[in-house]
Amino acid sequence: MQVTAVPELFLTAVKLSHDGTGARYLHVAREDSNNLFSVQFRTTPMDSTGVPHILEHTVLCGSQKYPCRDPFFKMLNRSLSTFMNAFTASDYTLYPFSTQNPKDFQNLLSVYLDAAFFPCLRQLDFWQEGWRLEHENPADPQTPLVFKGVVFNEMKGAFTDNERIFAQHLQNKILPDHTYGVVSGGDPLCIPDLTWEQLKQFHATHYHPSNSRFFTYGNFPLEQHLKQIHEEALIKFERIESHTDIPKQKLWEKPREHSVTCGLDSFAANPSKQTTVSVSYLLTDITDTFETFTLSLLSSLLVDGPNSPFYKALIESGVGTDFSPDVGFNGSTREAYFSVGLQGIAERDIDTVKQIIARTVDEVIAKGFEEDRIEALLHKIEIQLKHQSTSFGLALTSYIASCWNQDGDPVELLKIADKVSRFRQCLKENPTFLQEKVKTYFKDNPHRLTLSMSPEEDYHDKQAKMETEKLQKKVNALSEEEKTQIFEKGLELMALQSKPQDTSCLPALQVSDIEPKIPFTVLETTLAADEIPVQYCPQPTNGVVYFRAVSSLNTLPEELKPYVPLFCNVITNPRFEEEEHFRVLVKKTAQELSNGIPDCGHLYASIRASKNLTPSGELQEMFSGMDQVKLMKRIAEMSDIKPILRKLPRIKKYLLNSDNIRCSVNAAPQQITEASKEVEKFIKGIARSKKERKPVRPHVIEDPTFKPCQMKTHFVLPFPVNYVGECIRTVPYMAADYASLRILARLMTAKFLHREIREKGGAYGGGAKLSHNGIFTFYSYRDPNSLATLKTFEKAVEWAKSGEFTQQDIDEAKLAVFAAVDAPVAPSDKGMDHFLYGISDEMKQSHREQLFAVSSDNLVDVSNKYLAVGKSTRGQAVLGPENADITKDPSWVKR
């Protein structure tokens, strides 16, 4: 046992190992009520069938002690967890949860241990989560056989993202010899090669205590955790030799080049410039923690921020739109690598980019870095150490996972202050310390990969064709008997998915375990410079002061509004007023927005669906919706950008005007006097109009002339999956029915939508939620269906109106809602709901009491009153491929 204090992070680390099995354990004791547990296994697949990813899904579908289907999703509603998930990385699988309630911690720990070590791994669960052959309509054997499965669809969705394709190839090609040469999440064309037997075999060899690492964090006592983990899991195993070590990559004698293809980007500002190229260098073994720390700092100096050498050389060259994906330092594989390049270039410019990179490396070796940039970076690390986040335990488990996975020392990693001072010492003793690293790892390093990616017109068609060929091959090999079996298994799975679940085997908290009252936060609002409201909130912030200002757009002319996000994007950038510099930022912003669509498609669909429902919906679509994506594409295509640039000083005049501003400060009590002087200075330093100041308008402004209206939009995009959103206008936070609608959204998600959209429909996710302005949203994510999903939303309302739920279902929904209501808030964010939305602690307490009081009758009542067809105004939106049924329907607008 080894105990180490790490004062800069206010924690003590305890490192242990288990005598019987050799399982490793790290406990981090810290005065933090948000306690976390995680268990991780080194998982080293040697093919791209996605076995670790499908296993991660399937172990969560039931275990020996908890044999009900899907205990993982069921526990979301039986617990006050602040986090629950599972992750498959390239070489490990991690199962973390966190909660503030000790009883809850024991409940969740029991479910997680049983899932990881004693899962059922039933064949039907493998088919549901992994892949299966099934009739398009499982009830009709005349419909064609197709591939289905949650992971199969998830990975199809993941690989519509060109950045993901590039990053995946990059890792596979720079570390080609072992597990890093395959797709651990699964390649959709290889997933159907995985058998149920192989899945069970992989579990037996990898999910063993001798191949495991346990981590706990927070202020609950360690002894209790050790006892429970030993008794419920470890005691049942003998030590084995786990053959999961990852050998070092054999170093190349000369650099390699590789090119791959991807789909066209329909939002590219310049269709002839859609090529990406990067140069990547293999670095050091990540278990050498100081060298890794040094190289990650060096990477930041090379690529972070507009003053970095690669930003100046590559981004400002105007050759491309943005850095290539996975730019900078990547420390998640056994040997780290560094990558730099450009996306949005013409194919003929590949050599230009390579020359710029080589030239920049030479310049850095010759000149080094400005001292103040190094200082600024070290200062940033020190601020990050002081910042109190609410998910510190989760951040730690992610931070140490890769290094610990390779048998590095996780405690060494936590001693960040030691590394900073050693780094300073190295620089002092040898001023060219960093330049020498650049020479060794970049200039003289033969293990260097140049990867380029260019789009193909028919890339998605080719992928679909390969999938069809794979499908045909599978179907042609089936005997008549096997075809009958597939039909019967399809019906069996459907029946299983529809069967009411007995969840009585699972542990649960009760509504009575929830605190009836919330502690109130002390806030004081004063007027600075005699008339600007400033909210002060004294908090234990470790000496960091957090300042925010909100500026109202009330006085901003309509024609300037669409450009506000662009203004926000560039205002923090030095020299943005220069035309060439501005053009670079515009192209970069447009590229980032376009790249983000596959990850946030459901949000774009929901924003569009709610556009015409509230006065702020229009602004939301303008600022954060598809309208913004299209506007940025248009600006990036302009040959003359000056008219846009001229709008920014006009926006600044309205926004940085003290008439429109209110401020907030969170700081340690003894810092507030000092901070208030700085706020006075700031306010006196910004303009104000000559006119008499109008009283500050309230947080929420109702427009009496506003009339909500229905709208259905289909954004046709070259994706193989859909993102669906439907929004309904209900009532805002303070209304009497709001609490019932909030519980209903959670109840529908857990008891109806999850089953219908994910388990049966094969989408990666779906559900219902309620925003505090009273927009009730149904959504689905990476969904093979579109109109069928909208039908499911209708059925969900019918289900709710029928009141076919039990008191236990309602209590579970309440637990899940309270888990969100009572999620921990960082000292820097206390008082923000009041500052931003005008929601006081008194309002929260009355909302809390309304939540406790919600009954079955209330739920049926609000379903009828707001959600039933024809009751409230609603909007619908789909992002996804061409759809004949939508095209035929004149009520849909196609974009």
Side-chain angles (χ1 to χ4, degrees), residues 9 11 26-41 53 56-57 59-60 66 70-89 92-116 154 212-220 224-225 228-229 387-402 404 410 506-509 513-515 599 745-746 749-750 754 758 764-765 767 769 781 812-830 832:
L9 293 174
L11 60 83
L26 178 67
H27 176 66
V28 169
R30 191 166 186 260
E31 218 18 82
D32 184 345
S33 61
N34 194 16
N35 286 254
L36 177 124
F37 162 87
S38 71
V39 60
Q40 104 183 38
F41 302 99
H53 186 189
E56 171 231 307
H57 279 243
V59 301
L60 300 175
Y66 306 112
D70 218 2
F72 179 77
F73 278 97
K74 301 283 184 290
M75 283 307 290
L76 286 172
N77 309 303
R78 303 169 73 88
S79 135
L80 290 170
S81 70
T82 52
F83 185 84
M84 269 179 79
N85 214 333
F87 303 101
T88 305
Y92 66 82
T93 308
L94 179 73
Y95 295 89
F97 72 74
S98 60
T99 177
Q100 305 177 84
N101 180 303
K103 184 172 149 197
D104 199 24
F105 192 96
Q106 289 175 24
N107 290 351
L108 289 167
L109 180 53
S110 182
V111 172
Y112 266 63
L113 289 172
D114 212 55
E154 178 190 349
S212 71
R213 288 155 184 78
F214 290 90
F215 174 77
T216 48
Y217 162 87
N219 62 1
F220 295 163
Q224 169 64 40
H225 301 337
Q228 190 177 346
I229 291 168
H387 176 68
Q388 300 265 21
S389 90
T390 56
S391 52
F392 191 73
L394 185 62
L396 282 186
T397 194
S398 313
Y399 176 63
I400 63 174
S402 291
W404 198 16
L506 288 171
L509 289 181
D513 292 322
I514 301 168
E515 289 293 330
D599 263 350
R746 187 58 237 176
T749 301
H754 176 77
R758 180 170 162 133
Y764 185 49
K769 54 185 188 206
Y781 184 72
E812 288 182 3
K814 286 184 181 178
L815 276 169
V817 167
F818 275 109
V821 169
D822 292 339
V825 178
S828 54
D829 294 330
K830 284 262 172 42
M832 273 305 107

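In this chain, residues are counted from 1 in sequence order. The shown structure was predicted, so the numbers you read here are calculated from the model rather than taken from an experiment.
- Looking at Gln100, its side chain never comes within 3.5 Å of a backbone N or O of Thr82 through a donor-acceptor pair.
- Every residue meeting the salt bridge (Lys or Arg N to Asp or Glu O under 4.0 Å) condition with Lys103, not counting sequence neighbours, appears here in chain and number order: Asp513.
- Heavy-atom minimum distance, Asn34 versus Pro824: ND2-CG, 3.6 Å.
- To the nearest 0.5 Å, the span separating CG on Leu113 from CG on Leu108 amounts to 10.5 Å.
- Side chains of Glu56 and Thr88: a donor-acceptor N/O pair is present below 3.5 angstrom, by distance only.
- Gln40 places a side-chain N or O within donor-acceptor distance of the main-chain N or O of Ala401, the cut-off being under 3.5 Å.
- Atom CG of residue Leu509 and atom CG of residue Asn77 lie 12.0 Å apart, to the nearest 0.5 angstrom.
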Item to complete: Could you please spell out the steps behind the side-chain contact (heavy atoms from CB on, under 4.5 Å) verdict for Thr93 and Val59?
Response: CA-CA 12 Å; Thr93 308; Val59 301; over 6 Å; no

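- The salt bridge (Lys or Arg N to Asp or Glu O under 4.0 Å) search around Asp70 returns none, not counting sequence neighbours.
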Discussion item. Using side-chain contact (heavy atoms from CB on, under 4.5 Å), reason through Tyr92 and Phe87 one step at a time and then give a plain yes or no.
Written reply: CA-CA 8 Å; Tyr92 66 82; Phe87 303 101; 5.6 Å; no

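- Using cut-offs of 30° and 60° on the angle between ring planes, the pair Phe105 and Phe220 is perpendicular.
- From Thr397, atom OG1 reaches atom CG of Leu94 across 5.0 Å, with rounding to the nearest 0.5 Å.
- Panel note: side chain Arg758, backbone Tyr764; a donor-acceptor pair is recorded below 3.5 Å.
- Of all heavy-atom pairs between Phe72 and Asn85, the closest is CZ-CA, 3.6 Å.
- Minimum interatomic distance between Tyr66 and Ser110 (heavy atoms only, all atoms of both residues): OH-OG, 2.5 Å.
- Aromatic ring orientation, Phe97 versus Tyr112: perpendicular (interplanar angle above 60°, classes split at 30° and 60°).
- Nearest approach of Gln106 to Gln228, heavy atoms of both residues: O-NE2, 2.9 Å.
- The two residues Gly393 and Leu36 have their closest heavy-atom pair at O-CD2, 3.8 Å.
- Expressed to the nearest 0.5 Å, how far OG1 of Thr216 lies from CG of Leu26 amounts to 7.5 Å.
- Atom NE2 in His225 sits 5.5 Å away from atom CG in Asn35 (nearest 0.5 Å).
- Under a 3.5 Å cut-off, the side chain of Arg30 and the backbone N or O of Tyr217 do not form any donor-acceptor pair.
- The minimum heavy-atom distance linking Ser81 with Asp104 is given by the pair N-OD2, 3.3 Å.
- In this structure, the side chains of Phe214 and Phe37 come closer than 4.5 Å at one or more pairs of heavy atoms.
- One finds the CG atom of Asp822 at 7.5 Å from the CD1 atom of Ile514 (value rounded to the nearest 0.5 Å).
- With a 4.5 Å cut-off on side-chain heavy atoms, Ser79 and Leu815 do not count as touching.
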